[in-house]
Participant: 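Below: one structure in structure tokens.
On a predicted model such as this, the values are computed, not experimentally measured, just so you know. Chain identifiers are assigned alphabetically (A, B, ...) following the order of the sequence lines, protein sequences preceding nucleic acid strands; residue numbering begins at 1 within each chain.
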Amino acid sequence: MSGAAREPREAVFGPGERVAVLVPAPLDGPLDYRVPEGMVLAPGAIVEVGLGRRGVIGAVWGPGTAAMADDRVKPVRRVLEVPPLGAPLRRFVARAAEYTLTPPGQMLQLALRVPDLANPPQGRIVYRLAPAGLPPGLRVTEARQRALDTLAGAPEGLTAAAIAETAGASPAVLRAMVAAGALSAAREHRETPYPALFGQAAGQHLSGPQEAAASTLRAAVASGGFATLLIRGVTGSGKTEVYLEAVAEAIAQGRQALVLVPEVALTPAFLARVEARFGARPAAWHHGVGQAERRRLWMATAAGEVPLVVGARSALFLPFRRLGLIVVDEEHDGSYKQEDGVLYHARDMAVLRAAEEGALAVLASATPSLESWANAEAGKYRRIDLPERFGPAAMPEIRLVDLRGDAPPRDAWLSERLALAIDRRIAAGEQALLFLNRRGYAPLTLCRNCGHRFACPDCDVAMVTHRLRGRLVCHQCGRTAPLPRACPACGRDDRLSECGPGVERIAEEAARRFPGARLSVLSSDHVTGPQEMRARLEEIAEGRVDLIVGTQIVAKGHNFPRLTLVGVVDADLGLHGGDLRAAERTFQLISQVAGRAGRAEKPGTALIQTANPDHPVMRAILSGEAEAFWAAEAEARLAAGAPPYGRMAGVILSGPQEGPVWEVARALGRGRGMLERAGIELYGPAPAPLARLRGRFRVRLLAKAPKGAPLQAALKAWRAQVKVPGAVRLTIDIDPQSFL
DNA sequence: AGCACGCCGACT
DNA sequence: GTCGGCGTGCTC
């Protein structure tokens, strides 16, 4: 058994000694506390201490310092009866805090977010046969006999409710027998264990390339040390089956595995797939999991009893004891970036945690993020390619439709070529999908008389007409307004013009162009919740739909088994605008959508409408040869001062007025010498503010640090040089780039 | 993050 | 004359 490397035995702290305790406050480091009489603390112990005038839960971080006078050092109040945090988890918290420029105490909170950690539930009363046997002279009635028989078959004990159900013996019967000494009653809060997974059993049949990849992964897990592996597997290549073999190996080694999935993908369908491989459902961790289950799972991971957790990004902070494998599925997915509160990127933190645990990190995607690709190129990650589809489904044929030569008619957005292809598929009884990554009916409304443009008053972006909701909607901040009947500037009511398409408008065009086709529109406006989504997907899977019209919710996770044609209405949509990742994101999104075609027995086709067929993104999508694209994109980023390696931090200033925001930005820019002395380059402030958002002006600066530079300390000193007025907020955004 | 302390407007 | 606004500042 090659578990995590044995940690050297750690010192414990006894009465009179000082310990450093990391508390949930945005401090630079832990605070000193005194160990009171009768208490012994090990590093990682979870304790309650006084902070200000309140009590907080923190973790023992190490020996205290001598810096503070004795009379100011408070005692540790109590130790919680939960397992201490292991050394690898503590190192992970410290490094993650350092890396994401987050105070370590706040990072620790992510690992301590368990319901009722401080106040363990009372538990339940469990009855057992008395160890001494039946007392002589016990009157054994029928009900008593039934209870005794039932308990004889349950050495681990049963609750009163369970006995009542199976033996038909009331609590009164049990109480009387406890009083007579025939039974013992004990309060216990033992949680129901998670089922074992039978990972050792052979999985389903794997194709040649799959088996080769799987054996590489198994060997990497078995070797028992840290490494990062990037699996690039095209849609349908069966990379899930491959990494589940790595999970099996970890379980066989007696270690735990964690599979991270993007928020949207944590579906019962995915859990069922895992169940099919392992014979039992894995533990699931996501926002929807309730309090009792969260507590149960936290305790069980800390005890090393859960073989596999499938979870959203926050599962990274569970207190695994023997973690041997972390898989990040769809590693390019944007939802791995935590945007509010503590900022972190789960893909990078997964690599970090694996490094501390001596585990294997597996990043899986058909379209890896640029930084993962660059890390693989640089030799930091091993890379495995799964170039083929598994099973009968061939790769879809991808074709570009040049909109300059095949322009759709006025007020229509489907080219003749795409429309005819859909006609053919529907006539053949097959299913087609039209993809447009824009919600609503029309993205822009203009007055043709005076030129007035309907914009969000808070955000400087056009408001999108949503006919379904009957409102104008700002896609930036969510603000809505009634649909206009006349121009508010010139009063004319006959010159308003809705420009461009959203999915609603494409659905309207499709209904006109393909009369009789059964349409299903999938967008967050049309699908109200997960239960409706399930019903809609079922309807599609059963072939009760001919044509799907959808936004990017069709790109993620869900499988469309009957789909043979994908039409991308406007592939150029995401290419414009100042986002450094525009090309990368477009490539990923279009590739994912195109890959939905032809998972059925019949070969699939993707027709991609673009006005820029020579754009590197389109060429890469067309050829499926992404290598050149990634290399070119890495070059472009390098030229733009944001290479896909090294550490980046975005410094965002925002405020209700433009002037003060700019003053602070310029003052910070003038103080860049302090950063440069630490080897950190500062880019910006950019000549124009980013778009106004929610009524606030925003300016962004970018700091880039070489490996090993003290980014956190330098940024702190740098920002302390400039006084920031109360109206201006300064936030540091991580734009993490994998670094290991 | 909390929760203090600390100085300026509308209220019993 | 107080209650209360949220602007700085500290927490072993």
Participant: Expressed in angstrom and rounded to an integer, what is the separation of A:Asp71 atom CG from C:dT11 atom P?
Facilitator: 13 Å
Participant: From NZ of A:Lys74 over to P of C:dC10, roughly how many Å is that when rounded to an integer?
Facilitator: 15 Å
Participant: With sequence neighbours excluded, what pairs up with A:Phe454 under the ring-ring contact (aromatic ring centres under 6.0 Å, His included) test?
Facilitator: A:His452
Participant: Taking side-chain contact (heavy atoms from CB on, under 4.5 Å) as the test, write out the residues that go with A:Val342, two or more places apart.
Facilitator: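 Result, side-chain contact (heavy atoms from CB on, under 4.5 Å) vs A:Val342: A:Thr102, A:Gln106, A:Met107, A:Leu110, A:Tyr344.
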Participant: Please report the distance, rounded to the nearest Å, between CG in A:Leu31 and P in B:dA1.
Facilitator: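 Distance check: A:Leu31 CG to B:dA1 P gives 16 Å.
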Participant: Just jot down the ring-ring contact (aromatic ring centres under 6.0 Å, His included) partners of A:Phe92, sequence neighbours excluded, or say none.
Facilitator: A:Phe317
Participant: Could you check whether A:Gly50 gets within reach of a base, just the sugar-phosphate, or nothing at all, counting any heavy atom under 4.0 Å?
Facilitator: sugar-phosphate
Participant: For A:Val461, check side-chain contact (heavy atoms from CB on, under 4.5 Å) against everything at least two apart and list the hits.
Facilitator: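 By the side-chain contact (heavy atoms from CB on, under 4.5 Å) rule, A:Val461 matches A:Cys459, A:Cys474, A:Gln476.
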Participant: Flag the pair A:Asp733 / A:Arg700 as yes when at least one side-chain heavy-atom distance between them is below 4.5 Å, and no otherwise.
Facilitator: yes
Participant: Check every atom of B:dA1, C:dC12, C:dT11 against the side chain of A:Gln106 and return the nucleotide holding the closest atom.
Facilitator: B:dA1
Participant: Let me know the distance between CG of A:Asp28 and P of C:dC10, rounded to the nearest Å.
Facilitator: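 In whole Å, C:dC10 P and A:Asp28 CG are 13 Å from each other.
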Participant: Taking salt bridge (charged side-chain N to carboxylate O under 4.0 Å, His left out) as the cut-off, I'd like each qualifying pair that reaches into residues 105-114 of chain A, sequence neighbours left out, listed once.
Facilitator: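 Sorted pair list comes back empty.
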Participant: Can you check the A:Arg729 CZ to C:dG7 P distance for me, whole Å?
Facilitator: 13 Å
Participant: What is the distance, rounded to the nearest whole Å, between atom CG of A:Leu51 and atom P of C:dT11?
Facilitator: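 After rounding, the reported distance stands at 9 Å.
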Participant: Please list, pair by pair, any protein nitrogen or oxygen found under 3.5 Å from a nitrogen or oxygen in nucleotides 2-6 of chain B.
Facilitator:
unit_1	atom_1	unit_2	atom_2	d
B:dA4	OP1	A:Arg53	NE	3.2

Participant: To the nearest angstrom, how far is A:Asp32 atom CG from C:dT11 atom C1'?
Facilitator: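 Result: 13 Å.
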